[in-house]
Every structure is written in C-alpha cells, then in structure tokens.
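The sequence lines fix the lettering, A, B, ..., with proteins before strands; numbering per chain opens at 1. Hydrogens, waters and symmetry mates are skipped; everything else that's a heavy atom, side chains included, is used.
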2 protein chains.
Amino acid sequence: MEAKRMSRKQEDMALLLGNQICFAAYSTAHAFNRVYKPLLDTLGLTYPQYLVMLVLWERDGLAVNEVGELLHLDSGTLTPLFKRLEAARLVTRTRNPEDERQVRIRLTAAGRELREKAKNVPPGILRACNRSVDELMKLKDQFVALRDQLNAALG
Amino acid sequence: MEAKRMSRKQEDMALLLGNQICFAAYSTAHAFNRVYKPLLDTLGLTYPQYLVMLVLWERDGLAVNEVGELLHLDSGTLTPLFKRLEAARLVTRTRNPEDERQVRIRLTAAGRELREKAKNVPPGILRACNRSVDELMKLKDQFVALRDQLNAALG
DNA sequence: CTCGATTACATTGCATGCAATTATATTGTA
DNA sequence: TACAATATAATTGCATGCAATGTAATCGAG
C-alpha cells in the first residue's frame with residue numbers, strides 16, 4: 001500500500017495545509033466569540049460560562065468533573081469559573097455527602113430564570129452565520145468528526 | 001418571501017444548532033491545540049507564538065499591527081507575546097524611524113533557523129487529522145468562509 | 001482491615017485574548 | 001502653522017485554558 005507520489009509543489013501545499021486547517025479552526029472559534037460577546041453581555045456571562053449554564057439547564061446538579069467531561073475542561077478552569085457563577089448567585093456549590101470528593105453544582109432560581117433571556121442567543125448566532133440549517137448541521141458534524149479524530153489521535 | 005413553517009421540534013433543533021455549531025468550532029480549536037502542544041514543545045513555542053513565527057518566516061520585518069491583521073489579534077495580545085519572543089532571542093523589536101509609532105518585528109538568526117525544526121510540525125498535524133489532503137482542503141475552505149461571514153456580520 | 005493507588009477538586013503559575021485606557025507620533029484641516 | 005482627529009503601541013484588568021502540584025476522600029489488592 002503506497003501513497004501516490006506528490007510533486008514538490010503539491011508537498012509544499014500539503015505542508016501549508018497542515019498549518020492552515022488549524023488556523024481556520026482557531027480563527028473561526030474567535031470569530032464566533034466576537035459574535036456571541038454582545039449577546040452574552042446582556043446575560044452577564046462569558047462564553048465558557050454560557051456553555052456551563054447550557055449544560056446545567058439540561059442537567060442540574062452535575063459534579064464538576066461531569067461538566068468538565070462534557071465540555072472538555074478541567075478543574076483548573078472550572079473551579080474558578082464556578083466560583084464566579086456562585087458569586088453572581090447563579091449556582092450553588094455543595095459537597096456531595098455520598099462522596100465528599102465531589103462538588104455538585106446546582107442552579108439557583110436566578111440561574112434557572114436566566115434561561116428565558118438566553119433564548120435570544122441562538123437565533124442571533126444563526127442569523128450571523130447566514131446559512132441554512134441543513135448546511136450548518138453538516139458543517140457542525142464535520143467539525144465534530146474532526147475533533148473526535150484529533151482527540152483519538154492523542155490517546 | 002416567507003420561510004417554510006417549521007414544527008416545534010424542528011425549531012427546537014434549530015435553536016440547539018445555534019449553540020452546537022459554535023461549540024463544535026470551540027472544541028475543535030482546543031483539540032488542535034492539544035495535538036500541537038507536544039510538537040511545539042520541542043520548539044519552545046506556544047501555538048500563538050508559532051502562528052506569529054509562521055507569519056515572520058514568510059514576511060520578516062512586519063509591524064505589530066500588520067501581524068495583528070493577519071492573525072486577527074490586537075496589541076494587547078501581541079505586545080507581551082513579542083516581548084517573550086524577544087526574551088527568547090527569536091526576534092528583535094525596533095521602532096520604525098520612518099514612523100516612530102510603529103514597532104518592526106525582525107527575526108534573529110536563531111529565529112530564522114527555528115524554521116528548519118518547525119518543518120516536522122505540519123506532517124504531525126496532517127497525520128493526526130487522518131484525512132486526505134483534498135478533504136482537509138475543503139474543510140478548511142468551509143471554515144474560512146464561515147469565519148469571514150461571521151466577521152462580516154459584525155461590521 | 002490496611003495501605004498504596006486512584007479520584008475529585010483546589011491552587012499556583014504562565015500565556016493568551018480582549019476591552020478600556022494611556023502615551024506618543026502622525027495626519028488632516030482650517 | 002496650530003490643533004483636533006487619527007493611528008500605533010503599551011499598559012491594566014479580567015477571564016479563560018492548561019500543566020503541575022497539593023489535599024482530602026475513596027477504592028482495591030492482599
């Protein structure tokens with residue numbers, strides 16, 4: 001099983017691509033962040049905080065590491081983030097009596113109510129993307145497949 | 001011109017998508033970062049520092065704002081980054097005599113030499129992606145088109 | 001049951017990103 | 001030429017991300 005021979009120019013292009021594909025992902029993520037910013041400002045949330053709230057709105061009372069697995073984030077990021085959400089009175093942090101190592105994150109009433117305000121966010125994002133739902137769905141699936149492949153390559 | 005009516009379930013899915021497309025980009029960018037990390041560690045560079053070096057290897061002597069435009073980064077990010085590259089003796093920072101507001105970034109000999117070592121990086125990335133060059137090229141173009149659309153939606 | 005391994009979270013240190021502000025230099029205009 | 005507007009970096013403050021380390025709780029092999 002031998003790969004087809006590439007010309008020197010094709011090889012150079014392939015090498016450039018190795019850099020470009022990552023920069024494309026990197027700069028797209030930042031562009032999304034800029035679009036989200038004004039929308040999330042009205043909620044008083046940063047984008048990672050918004051992600052955490054999305055998780056909690058679906059499944060309240062998760063432990064820190066459970067949220068971390070869903071979002072690919074560790075305690076070094078999440079502990080201070082949850083402390084800020086706690087200071088904002090959106091969540092409470094309590095040790096799990098069943099397992100004192102775990103800290104359960106629970107929404108406060110204010111945290112639950114914020115969900116209503118947050119309903120404006122996705123339509124704003126979809127509008128900014130200026131693409132059909134079908135197109136975006138396909139694009140998202142390609143992102144996710146690539147991401148999972150990259151994570152698999154680490155293991 | 002009226003959009004087709006969507007069922008409630010379809011609407012919910014569309015709203016979820018607004019969140020999912022961004023998270024897909026966000027988590028893909030982080031996955032890339034994790035793949036790059038061990039490769040860049042051998043160069044003593046972080047990913048943003050590597051991006052800056054890629055730019056300088058192509059066009060030495062750019063001003064801070066010119067690099068910033070190419071990478072979508074501002075002086076708040078780049079000034080400390082360049083100072084660290086300067087401390088690592090990879091670049092020099094000198095005011096442009098023609099326009100004292102600008103700071104020109106120039107590679108040192110060591111900075112230019114690092115380019116050889118850096119040739120190993122893109123193949124490692126391409127391997128981790130586990131996709132044909134053609135596939136990756138298309139994916140990259142889709143990323144870029146979405147990113148440009150998002151940036152346009154801000155203006 | 002016991003003690004080493006593992007797990008979960010917290011902490012520290014470092015490097016982004018970005019908003020907001022400041023300082024300095026240049027440009028444009030009356 | 002004066003001087004307001006603009007442009008370029010630098011600085012400050014805040015919030016990630018992540019590696020490395022610390023601490024306490026739990027698990028598991030013998």
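- Looking at the side chain of V103(B), the nearest of the listed nucleotides dA15(C), dA25(D), dA10(D) is dA10(D).
- When heavy atoms are screened at a 4.0 angstrom cut-off, F82(B) is found touching no nucleic acid atom at all.
- Atom CZ in R101(B) sits roughly 7 Å away from atom C1' in dT27(C) (whole-Å rounding).
- Taking every side-chain heavy atom of L81(A) into account, dT16(D) is the closest of dC18(C), dC18(D), dT16(D).
- Phosphate proximity of dT26(C) to Q102(B): absent, as no side-chain N or O sits under 4.0 Å from OP1 or OP2.
- Comparing H72(A) and L78(B) by the nucleotide of DNA chain D whose heavy atom lies nearest to each, the residue mapping closer to the 5' end is L78(B).
- Checked by atom type and distance alone, the side chain of Q149(A) pairs as donor or acceptor with a backbone atom of A128(B) at under 3.5 Å.
- R95(B) comes within 4.0 angstrom of sugar-phosphate atoms only, judged by non-hydrogen atoms across all strands, and of no base.
- Looking at heavy atoms from C-beta onward, Y47(A) lies in side-chain contact with Y26(B) at the 4.5 angstrom threshold.
- Under 4.0 angstrom from either OP1 or OP2 of dA9(D) there lies at least one side-chain N or O belonging to N65(B).
- Within the structure, a side-chain polar atom (N or O) of K83(A) is placed less than 4.0 Å from OP1 or OP2 of dT11(C).
- The backbone N or O of V52(A) sits nowhere less than 3.5 Å from a side-chain atom of W57(A) that would complete a donor-acceptor pair.
- One atom, OH of Y36(B), and another, P of dC18(D), lie 16 Å apart when rounded to the nearest Å.
- Considering only side-chain atoms of V64(B), the nucleotide from dA10(C), dA9(D), dG17(C) that sits closest is dA9(D).
- Base engagement by T77(B) is indicated by at least one non-hydrogen atom pair under 4.0 Å involving a base atom.
- Closest contact between the side chain of R84(B) and the listed nucleotides dT16(D), dA19(C), dT16(C) involves dT16(C).
- Between the P atom of dG17(C) and the NE2 atom of H30(B) lies a distance of 10 Å, rounded to the nearest Å.
- Between the C1' atom of dA19(D) and the CG atom of D74(A) lies a distance of 8 Å, rounded to the nearest Å.
- Residues R34(B) and D99(B) both approach DNA chain D. Their nearest nucleotides, taken by heavy-atom distance, put D99(B) toward the 5′ side.
- Atom CG of N33(B) and atom P of dA15(C) are 14 Å apart (whole Å).
- L73(B) places its CG atom 15 Å from the C1' atom of dA9(D), with the value rounded to the nearest Å.
- For L51(A) and dG17(D), the CG to C1' distance is 13 Å, given to the nearest whole Å.
- The backbone N or O of L73(B) sits nowhere less than 3.5 Å from a side-chain atom of T77(B) that would complete a donor-acceptor pair.
- Rounding to whole angstrom units, CZ of residue R93(B) and P of dT8(D) are separated by 17 Å.
- Between the side chain of R93(B) and the main chain of I105(B), no donor-acceptor pair closer than 3.5 Å is present.
- Electrostatic pairing of R89(A) and E86(A) does not count as a salt bridge here, judged by no charged N lying under 4.0 Å from a carboxylate O.
- Position along DNA chain C of the nearest nucleotide to Y26(A) versus G76(A) favours G76(A) as the more 5'-ward residue.
- In this model, the phosphate group of dA9(D) is not approached by any side-chain N or O of S75(B) to a distance below 4.0 Å at OP1 or OP2.
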